[in-house]
Protein chains: 2
Amino acid sequence: MTLDSETKAVELPEDHAEELRLWLRLLTCTTLIEGEIRTRLRERFDVTLPRFDLMAQLDKAPDGMTLSDVSKRMMVSNGNVTGLVERLVDSGHLDRRTSETDRRVQVIRLTKLGRAEFRKMAAEHETWIADLFSELTPKDVRELMRLLAKTKGSAQNAVQRRQT
Amino acid sequence: MTLDSETKAVELPEDHAEELRLWLRLLTCTTLIEGEIRTRLRERFDVTLPRFDLMAQLDKAPDGMTLSDVSKRMMVSNGNVTGLVERLVDSGHLDRRTSETDRRVQVIRLTKLGRAEFRKMAAEHETWIADLFSELTPKDVRELMRLLAKTKGSAQNAVQRRQT
DNA sequence: TCCAAATGTTTTAAGTCTAAAATGTTTAGG
DNA sequence: CCTAAACATTTTAGACTTAAAACATTTGGA
């Protein structure tokens, strides 16, 4: 038995430099891609990324979503969604109404205009993503999907542990 | 030769659903981890993530950095850095001075207090990262590093192409 | 030398974001 | 039925963020 394995129990400072480097690289990739998508959305459609993201959620839910649903899906705070929705209602892209069965709940959905504009943006958006990832082989994509799924699970469990 | 390969030249709408799913998963992982780090920094040290990130950059540069350097490294706008630095100077964590050779340039560095506080936070931060990635094997980490490096390169080239 | 272009930073206006407190509504247990 | 807890949303205060314009300084030719 090595000294190392004996001393682990007393929580010697371990080296996690590799994980730290991995995190920074993950963050760099996301920031880089997010910034590029943001720029293209603004230049091509004069729309912000958060608005596009919110419309993307609603496009997948023809019957609408509650603000809480949206907030959980987008992983942003409730208050954030309130303001975002307000601006999109003002611009005619969203419809907001109080649930008939529970007056606490606001149900939002895309208007006809909102859906039409989103579909146009989404089509181009998909080509941008393809462009950004174009140097990855199908195998790279599959392997990244697998490893990121594992990463997501690991992170979710860590969050869970803290919240306990 | 298939119909598909013949028609590619006329830019039929291709399917990039896999890349889109990959992007969303990448974004989810980053958002999840970033949110957890943000929460822990606030609860444990009452500091925001952007401030921590800025101090992390400066910790690696004992001789200080210019605001432009910081802005490029953090991949945020110049104006963003101005405000961030201002608050950290006010709280005594940063020292800012005008370059003696070029009066346009502001050089910032950590104060003794700033460095001491950052080192304490960084030590815990590293254990949080290790915790968040703890279900990944060393091989997973290596493989992710490789694939994310490739992704970064691919994205950088796409940005380059648009800017041309 | 002069001055236009380049460079570094700050300012501005608007939007995004968070955590926490406040408000309104529903639900469940006594 | 009552009411405390739970739930959904909004409000608040402050920080962060961006793009674009403005400002200050330096640099590289003509």
Once each nucleotide of nucleotides 6-13 of chain D is scored for protein heavy atoms under 4.0 Å, what B/S/- sequence comes out, 5' to 3'? BBSBBB--
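- No more than 12 heavy atoms of other residues, nucleotides or ligands shown are found within 6.0 angstrom of CZ on A:R21.
- Between A:L84 atom CG and C:dA14 atom C1' there is a gap of 14 Å when expressed in whole angstrom units.
- Distance, A:R40 CZ to D:dT18 P: 18 Å, rounded to whole Å.
- No salt bridge links B:D63 with B:R109; every basic N to acidic carboxylate O contact stays at or beyond 4.0 Å.
- In this structure, B:R146 pairs ionically with B:E143, as a charged nitrogen and a carboxylate oxygen lie closer than 4.0 Å.
- For the helix from C:dT1-D:dA30 to C:dG30-D:dC1, the angle separating the two terminal helix axes comes to 10°, with each axis derived from five pairs and the value rounded to 10°.
- The separation between B:L41 atom CG and D:dC16 atom C1' is 15 Å, rounded to whole Å.
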Quick one: do B:E124 and B:K120 satisfy salt bridge (charged side-chain N to carboxylate O under 4.0 Å, His left out)? Show the steps, please. CA-CA 7 Å; B:E124 275 203 48; B:K120 256 185 268 177; over 6 Å; no
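- Spacing between atom CZ of B:R38 and atom C1' of C:dA19 amounts to 11 Å, rounded to whole angstrom units.
- A heavy atom lying under 4.0 Å from DNA chain D marks the following residues of residues 42-53 of chain B, by number: B:T48, B:P50, B:R51.
- No more than 12 heavy atoms of other residues, nucleotides or ligands shown are found within 6.0 angstrom of CD on B:E100.
- Between B:D90 atom CG and D:dC16 atom P the separation is 12 Å, expressed in whole Å.
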For the pair A:N78 and A:S71, evaluate side chain to side chain donor-acceptor pair (under 3.5 Å) and give the outcome as yes or no after the intermediate values. CA-CA 6 Å; A:N78 285 336; A:S71 162; 3.0 Å; yes
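- Judged purely by atom type and a 3.5 angstrom limit, A:R115 has no side-chain atom pairing as donor or acceptor with the backbone of A:L110.
- Salt-bridge check for B:D131 with A:R161: passed, with a basic side-chain N closer than 4.0 Å to an acidic carboxylate O.
- Using a 4.5 Å cut-off on side-chain heavy atoms (C-beta onward), B:L148 and B:L26 make contact.
- A straight line from CD1 of B:I37 to C1' of C:dT18 spans 17 Å, rounded to a whole angstrom.
- A:M75 comes within contact range of the sugar-phosphate backbone alone, with a heavy-atom separation under 4.0 Å but no base atom that close.
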Determine, stepwise, if the pair A:Q106 / A:T98 fulfils side chain to side chain donor-acceptor pair (under 3.5 Å). CA-CA 5 Å; A:Q106 300 286 311; A:T98 303; 3.2 Å; yes
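- With hydrogens and angles ignored, the 3.5 Å screen pairs no side-chain donor or acceptor of A:D90 with any backbone N or O of A:R87.
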